[in-house]
Amino acid sequence: MAVLTAPQTLADRVRELKRLRNAVILAHNYQIPEIQDVADYVGDSLGLAYKARESEADVILFCGVHFMAETAKIVNPTKTVLMPDLEAGCSLADSCNANDLARWKAAHPDVVIVAYINCTAAVKALADIICTSGNAVKVVQSIPADRKILFVPDQNLGQWVMNQTGREMILWPGVCSTHVLFTHKAIFQLKQLHPNARIVAHPECLPAVRMLADEVCSTEKMVQYCRTNSAREFIIVTETGMLHRLRKECPDKVFIPGPTDTCACNECSFMKKNTLEKCVAALENLAPQVDVPEDIRRRALVPIERMLALGR
Ligand code: 13P
């Protein structure tokens, strides 16, 4: 008698291909729940950079946006780095063009350039040190007090770091097109409905939104904060994928997505380009691959390594 077996799901197929390819799946906290659930590691940009560097797999399937996969290739160039969808870009990375930055640098050769990891490899290659939202304060504090600093490309994160460190910086006029959609009015109104909720916001939010927050931090630090805080309810002011991770990590707590003026939650369309179907295709075809020209890769590695050497 034939034994009936359950049909293979897309998630099963991803797991099977992962074994066949000796691949590791790294996923950002904003990825769709189905991808987070098949990933080997889910985290913020800093954690993902460390994981990518230490990976011994032959293939890294990077489920995030392009600059994150590029960083994985820069720190681990002998690995095949795949993305489910190469079109998963980043508005912040788009807001700083390497040629413009090279011109600025030539005119201001004494200024230290701190680049938020949300930028292209070509921009990283021009920077003195990279930072993420998880370590930006520490990175800026590591720079001698007498040096002038240019912070690229996120002016909101840069401004928050200036407030935290008391350090003046020149700010590149870039923003995250998703985070700037959160407004003071929308978050304030939601707080009236949930007076006991703690507000947790990403530093890419506008100052008027950050001022309402009980905690401003990277996506990974949001997990630590919500886990250890005594409150039961949290309003999460960042991309909505974060809520899946938080609900998994803290099943006894209530997480409410931060709204915009027009929507009850806020999605990054780039992060949402990745699907399980595309993960299967990427592992089957070993494409699309992320590559970085070797001269840019070598130059971009230096400021990334400086950041990683500072520790978490
Ligand atoms: P982190 O996950 O490193 O906090 O940054 C996420 C991000 O890129 C926000 O746009």
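It should be emphasised that the depicted structure is a prediction, and the values quoted were computed from it without experimental measurement. In each ligand, atom 1 is the first atom listed, and ligand 1 is the first ligand listed. The residues of the chain are indexed from 1 along the displayed sequence.
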For residues 153-163, please give each side-chain donor-acceptor pair under 3.5 Å, one per line with the distance, not counting sequence neighbours.
from: Asp154; atom 1: OD1; to: Asn156; atom 2: N; distance (Å): 3.1
from: Asp154; atom 1: OD2; to: Leu157; atom 2: N; distance (Å): 3.4
from: Gln159; atom 1: OE1; to: Arg210; atom 2: NH2; distance (Å): 3.4

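- One finds no salt bridge joining Lys221 and Asp44 here, because no Lys/Arg side-chain nitrogen approaches an Asp/Glu carboxylate oxygen to under 4.0 Å.
- Side-chain atoms of His194 and Glu233 form a donor-acceptor pair, as typed in the model, at a separation below 3.5 Å.
- Under a 4.0 Å N-O distance rule, the pair Lys73/Glu70 does not qualify as a salt bridge.
- The salt bridge (charged side-chain N to carboxylate O under 4.0 Å, His left out) contacts involving residues 130-150 comprise nothing, where partners must be two or more places apart or lie in separate chains.
- If you look at ligand 1, the protein residues with a non-hydrogen atom under 4.0 Å away are His28, Tyr30, Asp44, Ser45, Tyr116, Asn118, Ser133, His179, His202, Glu204, Ser218, Thr219.
- Annotation: ring pair (Phe, Tyr, Trp, His ring centres under 6.0 Å) contacts of Phe234 (sequence neighbours excluded): Phe255.
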